[in-house]
Amino acid sequence: MNSQPASPTRRNFLVGAATMLGAGAMGIFPASAADAPESLREYAAKKGVLFGSAISNLQLRDAPYSSLLSEQCGIAVPENALKWAALRPTLASFDFSAGDALFQFAHFNNMLFRGHTLVWEQALPKWFQMTVNSVNARQIMLDHISQVVRHYAGKMHSWDVVNEAYRIEDGRPDGLKVTPWLQFIGPEYIEMAFHAAHEADPDAMLVYNENWLEPDDAIAEKKRQSVLAMLTNFRKRNVPIHALGTQSHIYAETNTTGPNYKRFLEQVSDLGLTILVTEMDIRDKQSNTDLGTRDRLIAKQYYDYLSFMLQFKALTAVLTWGLTDRYTWLAQAGSAAKGVPVRPLPYDEDLQPTPSWNAIRRAFEEAPGRSSRGGSA
Ligand code: 9MR
């Protein structure tokens with residue numbers, strides 16, 4: 001560890017760790033906090049894995065938090081700044097200012113940067129619905145991909161090219177979600193998007209990013225089978241795809257280490273694809289306000305899930321969807337009951353590490369090492 005005076009965040013961490021040691025939560029702490037490397041970034045890097053977080057422009061104005069991000073993260077991804085709603089004020093224009101500011105922050109702090117997301121049916125600009133139709137959708141999608149990927153060419157660790165294209169509940173035999181992209185272009189919109197991204201930046205790692213692949217239930221299993229069929233088909237036909245992003249927005253109470261998910265990850269690995277945990281956070285279904293109990297449950301799930309995932313050598317990065325409960329999309333969407341705060345991330349609202357921080361650290365410490373395939377673009 002370095003011998004420089006502790007930064008405020010470093011001090012907070014030590015105080016937080018000492019408090020937790022006193023509480024004895026989980027029993028998964030460093031033997032001595034003072035001897036341990038101080039960042040999840042370092043613990044992950046020792047095993048050839050990247051650790052990082054989603055970031056937003058607003059968060060970077062919070063100085064203690066942005067310093068925590070720079071200390072803890074080896075990779076960052078814009079939570080919203082590279083979505084169509086942010087990038088496309090009009091059909092004719094692009095606004096890269098927010099994305100560029102986040103890239104500068106990542107670059108300045110020696111973090112890799114990933115892109116999220118080129119094709120999704122959500123976070124579209126207002127003009128989209130009035131303007132895009134079956135005649136022009138293909139060209140508009142391809143232009144968007146080409147311009148955006150070119151803008152960041154050579155700077156990206158990876159791109160989420162298509163996001164959340166499957167929804168079993170929509171009832172199609174192929175499992176695809178019914179979206180404007182599917183309706184206007186047809187199922188081939190996915191491979192078209194990958195080809196366009198590859199053409200615009202031939203060195204970028206191209207990712208298919210999906211949610212709800214993790215649970216041990218029938219719907220998730222159908223989704224896994226549908227996604228696997230697409231990935232297998234793309235590999236066979238040399239569609240340029242390099243990785244699967246499994247988002248990992250999970251519940252503390254859900255089994256996310258089941259045999260079907262395990263087999264799926266083995267099959268994805270066997271296709272020669274890299275695996276990324278792209279958006280991890282953990283909700284709980286507890287309606288009580290006993291934070292100690294809930295934190296232990298959530299920390300245990302962080303440990304169990306990441307220990308399981310890190311067994312796969314194809315896994316090269318773990319990103320959480322934010323680092324602190326101060327800024328989490330789940331504040332709106334994730335409470336089990338009114339007035340019950342959410343605790344989904346490794347730092348609480350006061351930027352103190354929760355037991356989840358140590359659970360993540362321990363999962364990295366116990367993980368088998370790997371060559372950092374995908375560690376850089
Ligand atoms: O966290 C994001 C939230 O701030 C946005 O309002 C929302 C819509 O753009 O997207 C959230 O992030 C989502 C991500 O882009 C894709 N996977 C699910 C994430 C949580 O909803």
Side-chain angles (χ1 to χ4, degrees), residues 52-62 65 69 73 75-89 95 98-99 101-102 113-129 144-145 148 156-170 176-177 179-181 190 193 206-215 219-220 223-224 227 243-252 254 256 275-284 305 317-335 342-347 349:
S53 168
I55 58 173
S56 79
N57 301 77
L58 197 72
Q59 291 162 14
L60 297 194
R61 286 189 221 132
D62 177 339
Y65 183 50
L69 284 165
C73 296
I75 184 166
V77 59
E79 183 169 356
N80 291 309
L82 295 180
K83 294 174 182 172
W84 283 59
L87 283 175
R88 304 299 301 275
D95 179 357
L102 297 182
F113 194 61
R114 48 187 324 271
H116 172 85
T117 176
L118 296 166
V119 184
W120 192 27
E121 88 286 355
Q122 292 178 42
L124 293 169
K126 289 213 172 66
W127 54 262
F128 187 94
Q129 205 187 346
H144 178 86
I145 294 172
V148 175
M156 284 291 180
H157 162 270
S158 52
W159 262 113
D160 289 340
V161 179
V162 178
N163 190 48
E164 301 170 12
Y166 286 84
R167 184 164 57 202
I168 298 309
E169 293 86 340
D170 285 5
L176 283 171
K177 191 195 286 177
T179 69
W181 301 118
I190 302 179
L206 302 184
V207 184
Y208 176 71
N209 195 45
E210 187 56 274
N211 63 7
W212 300 115
L213 290 172
E214 306 86 12
I219 296 269
K223 187 181 246 191
R224 286 188 286 265
V227 169
L244 171 75
T246 183
Q247 291 184 6
S248 311
H249 294 288
I250 64 179
Y251 282 92
T254 301
T256 52
I275 298 171
L276 311 173
V277 168
T278 47
E279 307 183 13
M280 187 167 183
D281 50 28
I282 303 185
R283 267 169 272 190
D284 64 321
Y305 182 69
V318 173
L319 289 93
T320 49
W321 208 234
L323 278 189
T324 167
D325 302 340
R326 187 181 286 184
Y327 305 109
T328 166
W329 71 292
L330 292 170
Q332 278 87 48
S335 279
V342 290
R343 308 275 290 178
L345 293 166
Y347 289 86
E349 280 190 30

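Just follow the structure's listing: the first ligand is 1, and inside any ligand the first atom is 1.
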Of all heavy-atom pairs between [X] and [Y], which one has the smallest distance, and what is that distance?
X      : Y      : result
Met280 : Leu345 : O-CD2, 4.0 Å
Ser56  : Leu102 : C-CD2, 3.8 Å
Ala252 : Asp284 : CB-CB, 4.0 Å
Gln247 : Val277 : O-CG1, 4.5 Å

### Query
Any idea how Tyr208 and Tyr166 line up, ring-wise: parallel (<30°), tilted (30 to 60°), or perpendicular (>60°)?
perpendicular
### For ligand 1, the residues whose heavy atoms come within less than 4.0 Å (ordered by chain, then number)
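Ligand 1 pocket, heavy atoms under 4.0 Å: Glu79, Asn80, Lys83, His116, Trp120, Ala123, Asn163, Glu164, Gln247, His249, Glu279, Trp321, Trp329.
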#### Entry: Between Trp181 and Glu121, a side-chain donor and acceptor under 3.5 Å
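Trp181 vs Glu121: no donor-acceptor pair found between side chains.
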